[in-house]
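The structure appears below as structure tokens.
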Protein chains: 2
Amino acid sequence: MNGRQNGRPTLEQVAARAGVGRGTVSRVINGSPRVSERARTAVTRAVAELGYVPNQAARALAGSRTDAIALVIPEAEARLFAEPYFLGLIRGVSIELAASDKQLLLTLVRTEQERQRFEQYLAAQRVDGVLLASVHGDDPLPDRIGELGLPVVMNGRRTEAEPVPYVDSDNIGAGRAAVAHLVARGRSRIATVTGPLDMYVARARLGGYRAGLAEAGLAPDEGLVAAGDFTEEGGRRATRLLLERRPGLDAVFAASDVMAAGARAALREAGRRVPGDVALVGVDDSPVARLMDPPLTSVRQPIEEMGRTMARMLTAEIAGGPEAAGGPETPGGPEVPGGPEGGRAGSRRRVLPTELVVRESS
Amino acid sequence: MNGRQNGRPTLEQVAARAGVGRGTVSRVINGSPRVSERARTAVTRAVAELGYVPNQAARALAGSRTDAIALVIPEAEARLFAEPYFLGLIRGVSIELAASDKQLLLTLVRTEQERQRFEQYLAAQRVDGVLLASVHGDDPLPDRIGELGLPVVMNGRRTEAEPVPYVDSDNIGAGRAAVAHLVARGRSRIATVTGPLDMYVARARLGGYRAGLAEAGLAPDEGLVAAGDFTEEGGRRATRLLLERRPGLDAVFAASDVMAAGARAALREAGRRVPGDVALVGVDDSPVARLMDPPLTSVRQPIEEMGRTMARMLTAEIAGGPEAAGGPETPGGPEVPGGPEGGRAGSRRRVLPTELVVRESS
DNA sequence: CGACAGTGTGGGAGCGCTCCCACATTAGAT
DNA sequence: ATCTAATGTGGGAGCGCTCCCACACTGTCG
């Protein structure tokens, strides 16, 4: 039949061809410095001539490292959140991983059963580390993985003081920026549609909203706060409620673009004009924002950058060795000179800045 | 200090505990029928007691199968296409793979260099098969993978007569359904904004549009056809052009929702009302469609189902053995007679039906 | 002129499985 | 009674690597 497995040359064959021993070939391939120039060129040539590619399974078995990491996305969230979010994350992770020659294993976890299967999977030593997206407040998975001895980095955090390493965006800053912008535009009766308050991200954005009001010297008014659930329908309902309670509101800060779309619909129903009567600001700067009518002012999160940062942190932790688990052990790695973004490089938690994108809705 | 690699029990230990040989444990784990009931229970118990999980690397090395497949997404496309598309695809693939206990390896390919690296990767025998998303007309990758002896399934096809196994949606039917619907709504001057015509998907949708006109007894008019590029801006430009050439048009069929959003904006600029003056239909039924104003009538593709089908086909081909399923070796590509639409079950090409979702824009 | 560090280097000893051959054991056929 | 087949079973022989020990060879120092 086809020579799918018989055809590929092995390390041994390369060694024979180069006239050296297996050990030397291995050293050359893995970039060890303790190889003579003569041997190195001979091996490099043999590799090229034979088209040799190291067998990954053998490598993993012998060396107990797989050069792969898993990215786990809870399926339920994938529907809730604006989907481009995850694609952006994946893209960021992927870019960074390509640079370090690791592979990305994507796992969508739907059910509890699948979650358990995933733990089994981890136990089968198929990955060197795990990236976790949008973890819920009470999810024990991050800790479990840690117990297995595998490095983890989460996207977002479960609580304010999160023990597991994570990369988050500055959600408080997002709320503040939105409110500050609305105030600058002359609005003073600013309402907000929040996400589900059992999620840290929703609480943080609400906190930012409140801080923004305080900084502007505006009095808080609980009547101007309504809870949504990150869906369009939820945003619509919450906005209707707000209009009922506070007909005089002149701005709405929705904690996501999708909810802002719902708010837009509710405002239209109520005959309010945007931005004439009511200014509108969302969060995410998703494609939806650009396509809305009028285009939506939104707070952008550096999603791709978050993905990259996560991958970088995980890679560092993997390389940093299993024993250095504790602190920001900096093993001679070329530290990025004062990271362009917030948060110290090498730290176990990182909060990236958000950015307001102004469009016609405000 | 928990032992990451030392702690895990091996097959040998399970064998000892169950009082049987390694071979028997292996048979039980892999579900071989040639095991006595007695041995089976003993092994099952030992496995449970020790919390044994087979080491995947060892399995792959000894058995030369990895239980993983790769899904390749060209990065350029990921930006162009409505992104939810890929998430839907990933979801479908993931669901089906979970059922067959395989793992999903996601690869975003950005550059030519990365593409080569990916080929290297495949040569390292890390996957049992490959899924290819949105392949361009002249991409040699599918054939290359076939030459490596790896099963491949593509999403969409490069040309009408595609030699490599694929799963596509009925793009011709999509165009026809859109036109038929518009005709039923009393429209007769129906324009279309196409995708880039070097892509088969764009040509097929245009073909469906033309077929639809013919079936309705409407005369074709090239002035009613303008090329877009699957972006919003492209849709906007193309629509402006159409309005200039044929101010009397009363409907637009855009070959994607995103382009429909662009068309919507152009129509608004020109003072046309939707659907009053001009009816609008898109393709994809993406979240954008629901959020547009008015909500967009759109032809839905069964994306998730496409993902599932692809995974199923690939799994079958992997299981079917390298010798079956017609030699991928055939150089030059066999001219395949296969009928255009309605692919047979078990066939190497499959075209799934699309479905019109009517909303207020038409 | 020995003792002693370096450097490179070969190759043995696994890593934890699957494959498969040889050997029971049993039951049926002759 | 012997022969054959069917059924279970143990365990050797790898799969293709990495790790690491032992052994050259160089020089350098006391």
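Computed from a predicted structure; not experimentally measured.
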Assess the residue pair A:E119 and A:L141 against the criterion (side-chain contact (heavy atoms from CB on, under 4.5 Å)); give the C-alpha distance rounded to whole Å, side-chain angles, the decisive distance to 0.1 Å, and a yes or no.
CA-CA 9 Å; A:E119 281 187 50; A:L141 189 56; 3.9 Å; yes
Are the charged groups of [X] and [Y] less than 4.0 angstrom apart, N to O?
X	Y	result
A:R126	B:D67	no
A:E49	A:R17	yes
A:R312	A:E305	yes

Would you mind classifying the nucleic acid contact of A:A60 as base, sugar-phosphate or nothing, using non-hydrogen atoms under 4.0 angstrom?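 Counting heavy atoms under 4.0 Å across all strands, no contact is made by A:A60.
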What distance do A:S94 atom OG and A:Q103 atom CD have between them, rounded to the nearest 0.5 Å?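 Between atom OG of A:S94 and atom CD of A:Q103 there are 8.5 Å.
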Under 3.5 Å, which N/O atoms of the protein pair with N/O atoms of nucleotides 18-23 of chain C?
residue: C:dT18; atom: OP1; partner: B:N30; partner atom: ND2; Å: 3.2
residue: C:dT18; atom: OP1; partner: B:R59; partner atom: NE; Å: 2.9
residue: C:dT18; atom: OP2; partner: B:S26; partner atom: OG; Å: 2.7
residue: C:dT18; atom: O4; partner: B:R22; partner atom: NH2; Å: 2.9
residue: C:dC20; atom: N4; partner: B:R27; partner atom: NH2; Å: 3.4

d([atom1], [X]; [atom2], [N]) in whole Å:
X	N	atom1	atom2	result
B:L61	D:dC15	CG	P	9 Å
B:R38	C:dT25	CZ	C1'	14 Å
B:N55	C:dG14	CG	P	18 Å
A:R126	C:dG16	CZ	P	17 Å
A:E37	C:dT9	CD	C1'	15 Å
B:Q56	C:dC17	CD	P	10 Å
B:R34	D:dT7	CZ	C1'	7 Å
A:E12	C:dG11	CD	P	9 Å

B:G19 vs A:A57, nearer the 5' end of DNA chain D by closest nucleotide: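 Result: B:G19.
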Is any side-chain heavy atom of B:N55 closer than 4.5 Å to a side-chain heavy atom of B:R8?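 They are not in contact (no side-chain heavy atoms under 4.5 Å apart), so the answer is no.
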Q.
Below the 4.0 Å mark, does C:dT9 have OP1 or OP2 next to a side-chain nitrogen or oxygen of A:T24?
A.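 No, outside the criterion.
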Could you give the side-chain donor-acceptor pairs of residues 24-31 of chain B under 3.5 Å, partners two or more places apart or in another chain?
residue: B:S26; atom: OG; partner: B:N30; partner atom: ND2; Å: 3.4
residue: B:N30; atom: OD1; partner: B:R59; partner atom: NH2; Å: 3.0
residue: B:N30; atom: ND2; partner: B:S26; partner atom: O; Å: 2.8

